[in-house]
Amino acid sequence: MSNRWETFSHTQRNFDLSRPVPRQLELELITIAESARSNLLVPLFIKDPELIEFIYDQSVIPTVDSYKLEGYIARKNSQLMAPMLFGMLSYLGTDQSTQHHFTAGRVYSSVGLTALRFGCRTGFCICFENAPVEVELRRRGLISENWGFCSLPLLSIGYGQPDKEYNWCDDINRAIPGPEKQSADNYIAVI
Amino acid sequence: MIDVNQVKNIIHKTPARQNQVCFRADIRSKPWGVSVNLYPTLELYDQGRTVYSDASGVYKSMVFHTGMAVGCLEDWAQAQGYRFEYLADVSDLVRNKDHMGHWLMEQLEPMLGHVVAWVEQQRLTNDLFKNYYYEVGKCHRDMTLLFESMYNDLALEITSSTAGIGNMFWDKNGQPVSRRPQEVAIHRELRGWMANKLASYNPRQSQPLLELYDLFISILDTGARPDLSQAQDFDNDVIRINIYE
């Protein structure tokens with residue numbers, strides 16, 4: 001049986017851009033995401049390489065987070081350079097409860113796990129400048145005026161480069177290790 | 001039997017923001033499967049080293065990743081052929097009384113002996129007992145089944161006096177009267193009893209239960225559905241799920 005729950009990754013720093021996301025997978029992901037469409041959440045799939053590169057250009061790892069990353073160097077987030085980016089955008093007009101962030105989380109996990117079934121890899125990125133990206137999305141007619149990211153990340157989907165580790169960054173020609181997670185015993189109790 | 005360590009592993013493997021911890025969780029093995037509570041929190045994220053200018057916004061990110069953990073558990077549970085039940089959506093609980101009944105039953109299970117003793121005491125003193133038992137049976141199906149399995153003589157008595165119970169809802173002129181005030185009175189009494197019993201529990205666990213029960217009583221009393229669209233007090237967010245074998 002697939003172990004996708006154990007391989008579901010927060011980080012994939014390189015993607016094979018010559019390999020698009022399979023059409024069948026794309027259709028399944030659209031079905032999943034559209035089922036969660038509401039007056040507070042709308043799905044967005046981005047495949048345009050030019051737009052994806054624009055978003056990548058808006059991502060610079062904040063220096064305030066530098067202490068978390070051993071061997072920190074200034075860089076953009078290569079996770080965003082993927083064949084497909086997925087995000088749920090929120091309505092900005094009201095002060096929303098946390099409920100729709102929870103709903104979005106369930107959708108992202110469903111989307112990511114479905115991608116894994118097709119052999120794809122996943123990466124998450126919240127470290128990009130929301131404002132210029134939102135302006136660009138509106139300029140292209142992809143979202144309306146009162147919609148934005150609201151603390152929701154972008155999910156990168158695609159096939160990893162076959163001869164490289166997940167943490168290899170082509171743009172800076174080095175591997176960037178991710179932070180180690182705390183032990184499960186520190187926050188999960190079996191009673 | 002569902003392996004609680006596997007459930008723990010699924011939760012732990014869920015992708016998290018910067019690989020940090022975004023929630024606490026507790027897992028309980030039950031005769032029917034597994035119960036999991038998840039508590040989004042900023043306390044563990046980044047080991048508290050960062051002071052956020054927008055803690056509320058970052059907290060929503062914690063809730064998002066808690067939702068991801070729930071999504072992963074749901075996907076895994078369904079792949080194993082287990083039934084998955086998500087209990088945190090208050091609006092869903094309110095719309096589905098049977099669902100509320102099962103959830104309420106789950107909370108009362110450790111204290112069931114006290115509930116039965118209270119019911120038996122009421123039985124001899126006033127008709128409220130019959131009304132309560134009937135309403136409990138109607139609204140909380142699982143509780144009735146458990147009562148019946150433990151006290152067969154009580155079940156027989158209720159069955160034989162169904163006609164008498166029906167008359168309790170008609171006035172002296174033979175006109176039907178609303179059950180609602182009696183239902184509300186019963187539930188308010190039970191709510192008071194529950195608050196006393198839960199006084200020694202961790203407020204993080206007991207307070208959401210009591211607040212939900214207040215919400216349920218409020219809807220019974222007024223018939224009005226409360227506005228659930230306002231931002232919640234995020235310190236009290238808790239997500240509960242059950243996974244059934």
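Sequence lines set the chain letters: A, B, ... in the order given, protein chains first and strands last, and positions in each chain run from 1. Excluded from the calculations below are hydrogen atoms, water molecules and symmetry mates; all remaining heavy atoms, backbone and side chain alike, are included.
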Report summary line: Most contact-rich option vs chain A, by heavy-atom pairs under 4.5 angstrom, among B:Arg24, B:Met68, B:Glu74, is B:Met68
Report task. Mark yes when over 12 heavy atoms from residues, nucleotides or ligands other than B:Gln78 sit less than 6.0 Å from its CD; otherwise mark no. Result -> yes
Report summary line: Okay, B:Asp75 and chain A: the region with an atom under 4.5 Å from a heavy atom over there is both
Requested in this report: Could you point out which residue of A:Ile191, A:Ile188, A:Val190 forms a side chain to side chain contact (heavy atoms under 4.5 Å, CB included) with B:Asp26?
Outcome: A:Ile191
Query raised in the report: Are B:His12 and A:Tyr187 close enough that their ring centres sit under 6.0 Å apart?
Result: yes
Requested in this report: Before giving the answer on side chain to side chain contact (heavy atoms under 4.5 Å, CB included), spell out for A:Ser109 and B:Thr14 the whole-Å C-alpha distance, their side-chain angles and the decisive distance to 0.1 Å.
Outcome: CA-CA 8 Å; A:Ser109 67; B:Thr14 301; 6.0 Å; no
Requested in this report: Walk me through it: do A:Ser151 and B:Phe64 pass the test side chain to side chain contact (heavy atoms under 4.5 Å, CB included)?
Outcome: CA-CA 9 Å; A:Ser151 303; B:Phe64 165 80; over 6 Å; no
Query raised in the report: What orientation do A:Phe124 and B:His65 show, parallel under 30°, tilted 30 to 60°, or perpendicular over 60°?
Result: tilted
**Report entry** A:Ser183 portion near chain B, given a 4.5 angstrom heavy-atom threshold
**Finding:** backbone
Report task. Might you confirm whether atom CD of A:Glu6 has over 12 heavy atoms from other residues, nucleotides or ligands at distances under 6.0 Å? Result -> yes
Query raised in the report: Heavy-atom distance under 4.5 Å to chain B: side chain of A:Ser110, backbone, both or neither?
Result: neither
Report summary line: When the 4.5 angstrom heavy-atom criterion is applied to B:Ala16 and chain A, the contacting part is both
Query raised in the report: What are the two closest non-hydrogen atoms of B:Phe84 and A:Arg106, and how far apart are they?
Result: CE2-NH2, 4.4 Å
**Report entry** Backbone of B:Lys60 reached by a side-chain donor or acceptor of A:His101 within 3.5 Å
**Finding:** no
Report task. Measure the CZ-SG distance between A:Arg4 and B:Cys72 for me, rounded to the nearest 0.5 Å. Result -> 10.0 Å
Report task. Kindly indicate, with the supporting measurements, whether the criterion side chain to side chain contact (heavy atoms under 4.5 Å, CB included) is fulfilled by A:Phe102 and B:Val70. Result -> CA-CA 9 Å; A:Phe102 176 78; B:Val70 170; 3.7 Å; yes
